[in-house]
Amino acid sequence: MKKISVVVPCYNAVKYLDKCIASLLQQTIGIENMEIILVDDTSTDDGETRGLIKRYEKQFSDTITAVFLEQNLRQGGARNVGISYATGKYLIFCDADDWLLKETLEHCYEAAEKYEADVVEFLFREVNDHEISVDLERGERNRLIVLDTEEKRKKFLLQTDENLSLGSQKKFYRMSIIKDNQIAFEAHRIFEEPSFTVPVRFYEKRHFFLDEKLYMYFLSPGSTMRSSGWGDRRWDNLFVWTALMEEMDARGAFLKYRAEMEYLFFDWGFGLSLCLPFQKKSILTKEEVMILASLTRKLFPDILQNIYVQQKNNWNCFLCRILEREASDQGITDTDMQKINAFLRRGVK
């Protein structure tokens with residue numbers, strides 16, 4: 001068994017993949033301790049990405065496994081396939097246009113072993129130049145979170161900040177947590193990462209935050225979130241969160257953590273779905289807002305009585321007013337829409 005499996009989904013990645021692979025092959029933990037699984041998600045660049053992946057597999061046959069999908073599954077689905085090939089004790093993801101600092105795997109592995117952590121979470125740095133040279137940045141906020149009571153897990157499930165995010169990339173997972181609980185990403189969607197990380201939070205027992213910037217996140221102009229094709233995926237976030245709630249209910253999470261699951265949907269399913277069009281300089285119609293609010297109330301009829309929703313802050317109050325207006329006899333009016341649009345433009349969320 002290798003110590004670490006690295007899964008890299010690839011789509012038309014020939015421009016960036018060399019940097020990513022070089023960063024993995026140069027890891028201080030040693031390539032003998034790792035396996036790299038390159039998953040080509042049906043690239044459409046006349047075989048360039050496919051050919052590059054094949055060359056890497058041939059050159060580093062003891063370390064690199066190439067997988068070629070027959071249909072496009074998007075990043076989440078490609079990662080799922082990569083996981084099915086993974087044999088390491090630990091798992092990490094790296095997108096093909098990103099890269100890891102050379103110390104990343106060694107530092108994560110040492111932390112996971114020392115603290116018996118199911119997940120080691122670390123920080124990332126945004127970069128817009130693939131030629132940039134980046135040195136390790138360390139902070140002093142390392143901490144272990146032991147999830148040995150319901151109250152601790154309730155708090156942990158709702159923590160979403162720079163240090164404890166719902167993203168999947170800047171984390172180092174114990175493989176058994178993933179495979180024993182059959183945790184997978186939502187395929188064919190963007191905004192898929194919570195479909196993986198929320199179930200992980202439900203099962204993990206020890207979470208270590210490593211205060212180091214180890215992941216280099218490239219701000220690619222061609223990425224899904226920054227490309228003109230984003231409009232076709234504008235409801236993917238809502239689909240992901242709706243499916244996630246069904247899954248978490250099936251996993252038994254609602255028995256102890258219903259309030260937390262409800263609020264996650266309220267904040268990230270309903271709330272983020274309202275915000276995303278504005279981040280792309282688009283706008284929501286009144287009909288779309290009504291549909292979002294109606295679906296939220298249908299899934300969680302008592303959402304306005306949720307203890308977290310009732311916490312008075314601008315964001316909660318804003319979302320509550322939309323739900324209340326949708327449920328009223330008058331519904332959401334044109335005047336309401338002007339206020340909603342103005343609020344979202346100000347970027348309160």
Side-chain angles (χ1 to χ4, degrees), residues 147 149-167 191 193-195 197-202 234-279 284 286-333 335-349:
L147 301 164
T149 68
E150 284 186 28
E151 289 305 312
K152 288 181 181 179
R153 194 174 299 277
K154 286 179 180 180
K155 181 180 179 181
F156 180 67
L157 283 168
L158 294 180
Q159 284 185 281
T160 53
D161 54 31
E162 177 190 17
N163 301 339
L164 299 174
S165 77
L166 294 181
F191 310 113
E193 293 181 57
S195 66
T197 57
V198 171
V200 170
R201 285 191 176 199
F202 177 61
R234 63 189 284 150
W235 299 118
D236 276 13
N237 182 70
L238 182 66
F239 287 128
V240 167
W241 277 95
T242 301
L244 176 58
M245 291 298 100
E246 294 176 357
E247 178 184 351
M248 295 308 292
D249 189 16
R251 290 180 180 274
F254 279 56
L255 296 176
K256 295 181 179 179
Y257 307 108
R258 182 179 181 85
E260 289 71 32
M261 293 297 106
E262 281 186 343
Y263 187 71
L264 282 172
F265 185 89
F266 175 81
D267 190 14
W268 292 93
F270 174 48
L272 183 58
S273 294
L274 287 169
C275 292
L276 285 170
F278 288 84
Q279 294 179 8
L284 285 166
K286 180 168 64 175
E287 290 73 22
E288 287 173 333
V289 173
M290 291 278 284
I291 290 171
L292 282 169
S294 176
L295 175 62
T296 300
R297 292 178 57 254
K298 182 178 180 180
L299 287 175
F300 301 111
D302 300 322
I303 190 70
L304 295 177
Q305 282 70 56
N306 182 285
I307 58 173
Y308 303 107
V309 171
Q310 291 181 348
Q311 294 175 0
K312 300 301 180 183
N313 58 55
N314 286 344
W315 180 242
N316 282 3
C317 291
F318 169 70
L319 295 181
C320 285
R321 284 196 297 271
I322 294 176
L323 294 175
E324 290 166 350
R325 292 298 297 169
E326 189 277 333
S328 68
D329 293 336
Q330 192 175 17
I332 295 174
T333 66
T335 300
D336 293 328
M337 283 304 302
Q338 292 175 1
K339 294 178 180 178
I340 291 169
N341 292 334
F343 185 91
L344 291 171
R345 284 197 189 96
R346 290 198 299 269
V348 174
K349 179 60 175 171

Intermediate values then yes/no, side-chain contact (heavy atoms from CB on, under 4.5 Å), Met248 and Val198 = CA-CA 9 Å; Met248 295 308 292; Val198 171; 4.2 Å; yes

Step by step, would you call Leu238 with Phe270 a side-chain contact (heavy atoms from CB on, under 4.5 Å)?
-> CA-CA 7 Å; Leu238 182 66; Phe270 174 48; over 6 Å; no

Under the ring-ring contact (aromatic ring centres under 6.0 Å, His included) criterion, do Phe300 and Phe265 qualify, and how do the steps go?
-> CA-CA 9 Å; Phe300 301 111; Phe265 185 89; 5.6 Å; yes

Decide yes or no on side-chain contact (heavy atoms from CB on, under 4.5 Å) for Phe191 and Trp241, but give the supporting numbers first.
-> CA-CA 9 Å; Phe191 310 113; Trp241 277 95; over 6 Å; no

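Both tests do not hold together for Arg345 against Phe278: distance to the six-membered ring centre under 6.0 Å, angle to the ring axis within 45°.
Distance CD/Glu324 to SG/Cys317: 9.0 Å, rounded to 0.5 Å. Going from atom CD of Gln310 over to atom CD1 of Ile303 covers 10.0 Å, rounded to the nearest 0.5 Å. For the atom pair CG of Asp336 and OG of Ser328, the computed distance is 7.5 Å after rounding to the nearest 0.5 Å. The CD1 atom of Ile291 lies 11.5 Å from the OG1 atom of Thr296; values are rounded to the nearest 0.5 Å. Put simply, OG1 on Thr160 and CG on Leu166 are 5.5 Å apart, with the number rounded to the nearest 0.5 Å. The CE atom of Met261 sits 7.5 Å away from atom CG of Leu158, with the distance rounded to the nearest 0.5 Å.
With hydrogens and angles ignored, the 3.5 Å screen pairs no side-chain donor or acceptor of Asp249 with any backbone N or O of Phe254. In this structure a side-chain-to-backbone donor-acceptor pair under 3.5 Å is present from Asn316 to Gln311. In this structure, the side chain of Arg325 does not engage the main chain of Thr333 through any donor-acceptor pair within 3.5 Å. With Ser294 contributing its side chain and Met290 its backbone, the two residues share no donor-acceptor pair below 3.5 Å. Not one N or O on the side chain of Asp302 forms a donor-acceptor pair closer than 3.5 Å with the backbone of Gln305.
In this structure the side chain of Phe266 reaches within 4.5 angstrom of the side chain of Leu323, judged on heavy atoms. Counting heavy atoms from C-beta on, the side chains of Leu272 and Asp267 never come closer than 4.5 Å. Within the 4.5 Å cutoff, side-chain heavy atoms of Lys152 are placed close to those of Thr149. Proximity of Leu274 to Leu319: side-chain heavy atoms (C-beta onward) are separated by under 4.5 Å at one or more points. The closest side-chain heavy-atom distance from Tyr263 to Leu157 is not below 4.5 Å. Side-chain contact between Pro194 and Trp268 is absent, with no heavy-atom pair separated by less than 4.5 Å. Side-chain contact between Cys275 and Trp315: present, with at least one pair of heavy atoms (C-beta onward) separated by less than 4.5 Å. The side-chain heavy atoms of Leu164 and Arg201, taken from C-beta on, include a pair separated by under 4.5 Å.
Of all the heavy atoms in Leu304 and Cys320, the pair that sits closest is CD2-SG, 3.7 Å. Taking every heavy atom of both residues into account, Pro199 and Arg251 meet most closely at CB-NE, 4.2 Å. In this structure, Glu260 and Lys256 approach most closely via the heavy-atom pair OE1-O, 4.1 Å. Listed here is the closest heavy atom pair of Lys154 and Tyr308: CB-OH, 4.3 Å. Minimum heavy-atom separation, Arg153 to Leu147: NH2-O, 3.4 Å. In this structure, Leu284 and Met337 approach most closely via the heavy-atom pair O-CE, 3.4 Å.
Of the residues listed (Arg297, Arg321, Lys286), the one engaging Glu326 in a salt bridge (charged side-chain N to carboxylate O under 4.0 Å, His left out) is Arg297, and it is the only one.
Summarising the local packing, CG of Asp161 is surrounded by more than 12 heavy atoms from other residues, nucleotides or ligands at distances under 6.0 Å. The number of heavy atoms from other shown groups lying within 6.0 Å of NZ (Lys155) does not exceed 12.
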